[in-house]
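The structure presented is a predicted model; accordingly, all values stated were derived computationally and were not measured. Numbers for residues simply follow the sequence, beginning at 1.
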Amino acid sequence: MEDEERLQLGGNPDWMSRLPEKLLDVPLWNLAIPGSHDSMSFCLDVSSPVLRSEPCLLRVSDRLCPCWTRPCVSRWATTQQSVLSDQCDLGVRFLDLRIAMKPKGGLKLFFAHGIYTVMTVQEALDELATWLDAHPKEIVIISCSHFESLTNQDHARLVEFIIALFGKKLCSPQQDTPTLRSCWSRGHQLVVSYSDQQMVLQHSELWPEIPYWYADSPDPKKVIAYLDDQKHRGRPAGFYVSGLNLTEDAPYVLLHPLQNMRKMTMRALSLLLRWASEQRPGRQASGVNVLCCDFVDASQFCSLVIGLNYKLLDTSAQERLLQM
């Protein structure tokens with residue numbers, strides 16, 4: 001009970017190492033893992049241009065009136081408030097990293113969500129490496145995706161940097177099914193999902209893109225309905241993400257001119273967290289794995305998701321009773 005009570009109090013910097021013995025051999029994709037959606041959006045740069053991949057109308061508005069457009073984009077694109085190490089201290093073990101090449105940024109890579117970040121990829125990954133050194137029994141999954149304006153050479157440099165920085169900490173998909181115990185025995189702490197298939201084929205350290213169930217709606221009821229529908233169809237075999245994050249659209253922004261992403265999220269959060277509390281991890285078709293949320297520091301989201309793992313102990317007890 002001490003662990004369960006601790007989970008209700010806030011920070012969870014070493015929650016994996018504190019899980020009960022019976023959960024140490026469960027595949028990582030059968031555990032409930034808290035994740036942050038658009039993990040680097042806490043440091044968006046309002047002096048940077050709108051992404052080239054954004055709608056034409058928004059890019060035109062950015063050229064004509066950047067002093068209005070960029071702050072507006074930032075209000076709706078900011079989905080986190082905490083730096084990576086603080087997110088990890090809260091219990092986040094899945095980081096959604098959307099990587100981009102900034103115009104006139106030289107060879108440096110940044111992150112992006114509507115606009116670009118202030119912090120570089122190298123700075124963020126260095127911070128993560130330092131955090132992992134301080135927490136040797138915690139395993140983090142990073143999802144590298146989107147790759148706005150990256151060339152093949154940019155990809156090559158990025159992957160080489162990741163491999164050089166994390167080295168023996170990298171958990172390869174070529175090895176046995178990852179569990180906490182197997183990762184600890186090998187010193188593995190990082191799973192790197194990379195959405196560029198060519199790079200995955202060239203580097204055995206990289207995992208293929210992890211499926212992300214994403215409703216693309218500002219309505220929390222539609223998000224929940226979408227996730228329930230996906231669950232009825234059956235979960236993927238390995239890692240996968242259920243996105244509890246909302247998405248604004250143009251009509252919503254126009255109808256709510258004084259709002260921002262945080263206000264929209266806070267209004268829906270109780271409903272989304274109630275759905276999350278009813279879920280169960282595990283190998284069954286409806287079992288959840290990674291659950292991602294916006295503003296992970298604004299609620300007990302991480303503690304709630306971590307606590308779902310204790311339902312697996314109840315399942316084990318039921319199975320033993322049936323075998324008697």
Side-chain angles (χ1 to χ4, degrees), residues 4-5 7-10 12 15 19 23 26 28-39 41 76 78-82 87 90-96 141 143 210-249 252 256 259-315 318:
E4 292 184 77
E5 290 173 1
L7 292 175
Q8 299 302 317
L9 299 178
N12 306 288
W15 68 265
L19 285 179
L23 300 182
V26 174
L28 294 182
W29 46 70
N30 289 339
L31 293 177
I33 298 174
S36 58
H37 168 243
D38 268 305
S39 306
S41 62
W76 289 99
T78 298
T79 64
Q80 303 298 337
Q81 298 178 131
S82 302
Q87 292 183 37
L90 286 168
V92 167
R93 296 294 179 269
F94 176 93
L95 299 171
D96 176 19
I141 305 164
S143 174
I210 293 174
Y212 194 119
W213 290 354
Y214 175 51
D216 195 20
S217 172
D219 185 344
K221 292 181 179 179
K222 290 183 178 179
V223 170
I224 290 171
Y226 169 82
L227 293 176
D228 282 335
D229 182 62
Q230 290 292 102
K231 281 179 55 183
H232 289 318
R233 301 178 186 216
R235 56 159 294 169
F239 294 111
Y240 86 101
V241 181
S242 299
L244 296 177
N245 45 287
L246 306 178
T247 308
E248 82 289 353
D249 51 21
Y252 188 95
H256 302 83
Q259 269 201 29
N260 53 34
M261 180 57 73
R262 179 178 169 80
K263 288 182 180 179
M264 184 172 77
T265 299
M266 292 301 103
R267 291 178 63 181
L269 198 56
S270 61
L271 187 60
L272 295 171
L273 294 185
R274 188 180 313 126
W275 180 88
S277 70
E278 296 167 354
Q279 305 312 302
R280 179 184 290 270
R283 62 186 179 182
Q284 70 274 14
S286 60
V288 296
N289 179 210
V290 178
L291 284 83
C292 269
C293 191
D294 291 331
F295 303 103
V296 293
D297 59 351
S299 70
Q300 290 296 310
F301 164 74
C302 289
S303 295
L304 186 156
V305 174
I306 295 166
L308 296 179
N309 290 301
Y310 289 86
K311 294 184 180 183
L312 292 173
L313 301 178
D314 297 337
T315 300
Q318 292 172 6

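Under the 4.5 Å side-chain criterion, counting only non-hydrogen atoms from C-beta, P236 is in contact with W213. Side chains of N30 and R235 form a contact here, defined as non-hydrogen atoms less than 4.5 Å apart. With a 4.5 Å cut-off on side-chain heavy atoms, D96 and S36 do not count as touching. Annotation: side chain of L227 is not in contact with side chain of K231 (no heavy-atom distance under 4.5 Å). Put simply, the side chain of C302 does not reach to within 4.5 Å of the side chain of W15, judged on heavy atoms.
When every heavy atom of S277 is checked against every heavy atom of L308, the shortest pair comes out as O-CD2, 3.8 Å. Shortest non-hydrogen contact noted between I306 and P34 is CG1-CG, 3.7 Å.
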Enumerate, atom names and distances included, each donor-acceptor pair closer than 3.5 Å involving a side-chain atom of residues 284-295, sequence neighbours excluded.
residue : atom : partner : partner atom : Å
Q284    : NE2  : P281    : O            : 3.1
N289    : OD1  : Y240    : N            : 3.1
N289    : ND2  : L28     : O            : 3.2
N289    : ND2  : W29     : O            : 3.4
N289    : ND2  : L31     : O            : 2.9
D294    : OD1  : H37     : ND1          : 2.6

All N/O donor-acceptor pairs, side-chain side in residues 262-275, below 3.5 Å, sequence neighbours left out:
residue : atom : partner : partner atom : Å
K263    : NZ   : L258    : O            : 3.4
T265    : OG1  : M261    : O            : 2.9
W275    : NE1  : D228    : OD1          : 2.9

With a cut-off of 3.5 Å and sequence neighbours excluded, list every side-chain donor-acceptor pair involving residues 214-221.
residue : atom : partner : partner atom : Å
Y214    : OH   : T247    : OG1          : 2.6
S217    : OG   : D219    : N            : 3.1
D219    : OD1  : K221    : N            : 2.9

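The CG atom of D38 lies 9.5 Å from the OG1 atom of T78; values are rounded to the nearest 0.5 Å. To the nearest 0.5 Å, atom CD1 of residue I141 and atom CD1 of residue I210 are 5.5 Å apart. Distance CG/L304 to CD/Q279: 10.0 Å, rounded to 0.5 Å.
For Q80, there are no side chain to side chain donor-acceptor pair (under 3.5 Å) partners two or more places apart in sequence or in a different chain. For S41, the side chain to side chain donor-acceptor pair (under 3.5 Å) criterion is met by T79, not counting sequence neighbours. The side chain to side chain donor-acceptor pair (under 3.5 Å) check on N260 picks up nothing, with sequence neighbours excluded. Under the side chain to side chain donor-acceptor pair (under 3.5 Å) criterion, S143 pairs with no residue at all, not counting sequence neighbours.
The backbone N or O of S39 sits less than 3.5 Å from a side-chain atom of Q87, completing a donor-acceptor pair.
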